[in-house]
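Encoded as structure tokens, the structure appears first; notes follow it.
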Amino acid sequence: MAEVYPVPARVRDGSPNPIVDVDRWREAYHRAEVDPDGFWLDWTRVNLHWHTVPTIACEGDFRTVKDEPIRWFADGEIDVTYNCVDRHAQATPDKVAILWEGDRPGETRRITYDELYEQVCRTANALEALGIKHGERVIIYMGMVPEAAIAMLACARLGAVHSVVFGGFSAESLRDRILDCHAELVITQDEALRGGKAIPLKKITDDAVAQAPCVKKVLVFRRTGTAIDFKAGRDHWWHEEIAKGAITRPAFPVAAEDPLFLLYTSGSTGKPKGIVHTRGGYLTYVAYTHRTVFDLRDDDVFACVADVGWITGHSYIVYGPLCNGTTTLMFESIPTHPDAGRYWDVVQRHKITVFYTAPTALRTLAAAGDEHVTPFDRSTLRVLGTVGEPINPEPWRWYYDVVGAGRCALVDTYWQTETGGIMISAIAPATPTKPGSATYPMPGIAPVLVDHEGRALRGPGDGHLCFSAPWPGIARTVWGEHDRYVGTFFSAYPGYYFTGDGCRRDRDGYYWITGRVDDVMNVSGHRMGTAEFESALVSVEEVAESGVVGFPHPIKGQGVYAYVVLQPGAVIGADFEQVLQAALRQHIGAHARLDLVQIVSGLPKTRSGKIMRRILRKVAEGEVGSLGDTSTLADPHVVDAIVAGRKTL
Ligand code: WTA
């Protein structure tokens with residue numbers, strides 16, 4: 001039996017939220033189950049400002065999604081930025097909206113709601129002057145500066161559609177995303193700073209835009225002041241453009257189902273998908289989950305230390321917290337800069353109350369030792385969260401006992417880019433926790449575990465995790481490729497949304513995510529497709545073929561294991577591994593790296609030529625005793641050679 005941690009008394013005391021124990025969770029869950037439309041309409045009408053209040057909640061279901069996309073609150077009209085900025089600028093103008101901690105410890109900016117209002121209006125006016133209109137796409141390729149969030153909000157205020165591209169992606173990846181959504185404007189900065197290193201974002205943008213003729217303008221925020229190339233007519237300085245326009249701008253309510261943003265994610269195929277989130281449902285869902293899971297209080301200082309380039313940054317740095325009028329931290333640096341005490345130094349200086357990070361960071365910090373934690377005052381912390389990958393019990397306990405000193409609730413939040421917000425998680429003041437389990441589903445969320453035949457399991461068991469009913473935050477489509485959306489999420493198990501994750505449900509109804517069951521890897525909380533790696537590797541002249549799989553890695557969660565078949569007669573040098581790494585850097589980005597490389601004479605294939613990844617995965621995982629039936633392989637001997645040459649860390 002896994003141990004159960006009750007909610008610390010201090011976390012429950014004084015909670016302003018309705019769900020403060022398991023009975024209240026059950027009540028809310030039941031209400032959302034029997035009357036989802038009423039549940040969500042009530043919540044959104046009370047907590048969001050609608051210019052036209054919706055009367056309809058959900059339309060469409062998972063059986064008809066091919067022909068009719070899911071819609072929520074479709075007769076409502078909303079301005080996302082009115083919700084995230086204007087109403088708080090009126091009610092609490094002097095409250096800090098964005099609290100920024102720069103790369104250098106102590107380098108801080110505080111932007112109040114009043115100032116945020118002015119910045120968002122100015123920037124929206126500037127974008128409009130640069131030609132951006134309702135419905136058009138804008139790429140945001142920036143580091144962790146407040147202007148990245150301001151740029152997102154400014155797009156939203158125009159009714160434009162932003163797509164943030166993580167600052168680690170290469171020029172090729174950036175170009176592909178620009179071309180896919182046909183963006184006319186790219187917003188970037190001279191350089192980003194991360195852990196003392198400068199990343200030449202403008203230079204990379206120049207390389208990408210050179211091959212993307214759809215881009216008419218590039219808007220450049222000055223972060224470091226380094227000299228950069230400037231192309232007259234195309235490039236514009238952020239500070240000059242926003243100084244030109246008015247400091248106000250009327251709200252611009254648009255239909256609830258208007259797209260708010262695209263976010264590209266890796267899937268089982270080589271080409272990233274532009275996941276589309278819309279306005280009313282997404283905002284409702286992220287605001288609800290942010291308030292509920294973290295047990296939000298008025299004076300919270302909320303620190304989600306993810307990057308805005310990922311969905312976690314969209315939902316829980318920008319849209320959820322700002323919609324709820326919270327003070328939200330933006331952290332430019334990395335957990336180990338200048339040393340492994342950085343997070344807790346930030347917690348002490350900014351009096352953080354809720355801290356939300358990824359298991360991979362916790363594993364790194366736990367390995368560095370408690371002496372980096374204990375000198376700092378962490379008494380303001382009330383809720384600790386994790387997201388992005390399964391958390392093993394050891395780092396869970398370390399986070400709970402050492403960082404939280406046993407006084408904080410720990411919420412392990414399971415969700416995905418496509419779900420928009422948290423799906424399965426403890427609710428801080430309500431749910432007893434078990435290390436390694438995401439616990440219970442949120443109200444309105446209906447998880448189903450299915451077996452290989454698509455039969456729903458009852459009670460305890462192990463299966464593929466699906467959801468059986470739409471929720472407001474679900475992605476509506478893949479940009480320009482609705483068939484791909486339907487194929488990816490709704491074809492494996494008709495009538496269900498399939499997550500791609502494996503999951504176990506225990507006797508108490510607790511959910512334990514066991515990891516991806518498809519060809520998606522999760523490396524340091526970054527989601528990456530094996531196919532993207534393989535196509536980058538075969539771009540190297542000497543490589544004929546490759547098979548890439550994830551394997552358990554003590555810090556990264558999953559590491560990347562590449563089996564590489566050379567071209568006949570190819571001669572490789574001692575630096576071959578660097579050549580492979582460089583190809584990944586060029587085609588994907590700096591965060592795509594191989595941990596282990598094995599040169600093999602052939603890959604295990606079926607007689608019809610399909611790579612048997614199951615075998616590659618087992619060998620990488622070190623489970624060579626349980627390879628299963630290999631007799632159907634075209635050449636069973638390649639497996640012996642692969643096993644004999646297996647690499648380990
Ligand atoms: C994994 C990140 C276990 C999972 C918000 C999912 C998790 C993928 C957890 C989505 C968790 C996320 N426990 N696994 N608490 N949270 N995952 O789209 O495999 O970057 O499918 O969204 O991360 O990654 P994505």
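Side chains are part of it too, since the values below use all heavy atoms of this structure and drop only hydrogens, waters and symmetry mates. Order of appearance sets the numbers: ligands from 1, and atoms from 1 within every ligand. As the structure is a prediction and not an experimental result, all values here were calculated from the model.
Between His591 and Phe166, the distance separating the two ring centers is shorter than 6.0 angstrom. Between Tyr264 and Phe169, a ring centre-to-centre spacing not shorter than 6.0 Å is recorded. Between Tyr497 and Trp471, the ring center distance clears the sub-6.0 Å criterion. The distance between the ring centers of Phe490 and Phe498 does not fall below 6.0 angstrom. Aromatic ring centres of Tyr285 and Trp40: separated by under 6.0 Å.
Residues Thr413 and Tyr356 bring a donor and an acceptor atom of their side chains to less than 3.5 Å of each other.
By the 4.0 Å heavy-atom criterion, Gly388 is counted among the residues contacting ligand 1. The closest approach between any non-hydrogen atom of Trp415 and ligand 1 is below 4.0 Å. Close to ligand 1: Asn522, with a non-hydrogen atom less than 4.0 angstrom away.
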Check against side-chain hydrogen bond (donor to acceptor under 3.5 Å, both in side chains), Ser170 and Gln586: CA-CA 6 Å; Ser170 67; Gln586 182 197 336; over 6 Å; no
Might you work through the ring pair (Phe, Tyr, Trp, His ring centres under 6.0 Å) test for Tyr414 and Tyr511, ending with a clear yes or no? CA-CA 10 Å; Tyr414 167 81; Tyr511 288 83; 9.4 Å; no
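Note: no N/O pair closer than 3.5 Å links Thr312 and ligand 1 by distance alone. Checked against a 3.5 angstrom limit, the closest N/O atoms of Thr265 and ligand 1 fall outside it.
Close contacts between ligand 1 and Arg516 involve ligand atoms 6 (C), 19 (O), 21 (O) [criterion: under 4.0 Å to a heavy atom].
At a heavy-atom cutoff of 4.0 Å, ligand 1 is contacted by no atom of Val520, backbone or side chain. Using a 4.0 Å cut-off between heavy atoms, Arg527 contacts ligand 1 through its side chain alone, with no backbone atom that close.
Among all protein heavy atoms, the one lying closest to atom 6 (C) of ligand 1 is Asp501 OD2, 3.2 Å. What sits closest to atom 3 (C) of ligand 1 on the protein, heavy atoms only, is Pro390 N, 3.1 Å. When hydrogens are left out, the protein atom nearest atom 13 (N) of ligand 1 is Glu389 O, 3.3 Å; that is the closest non-hydrogen contact.
In this comparison of Ile275, Val387, Thr417, Asp412, the heavy atom closest to atom 18 (O) of ligand 1 sits on Thr417.
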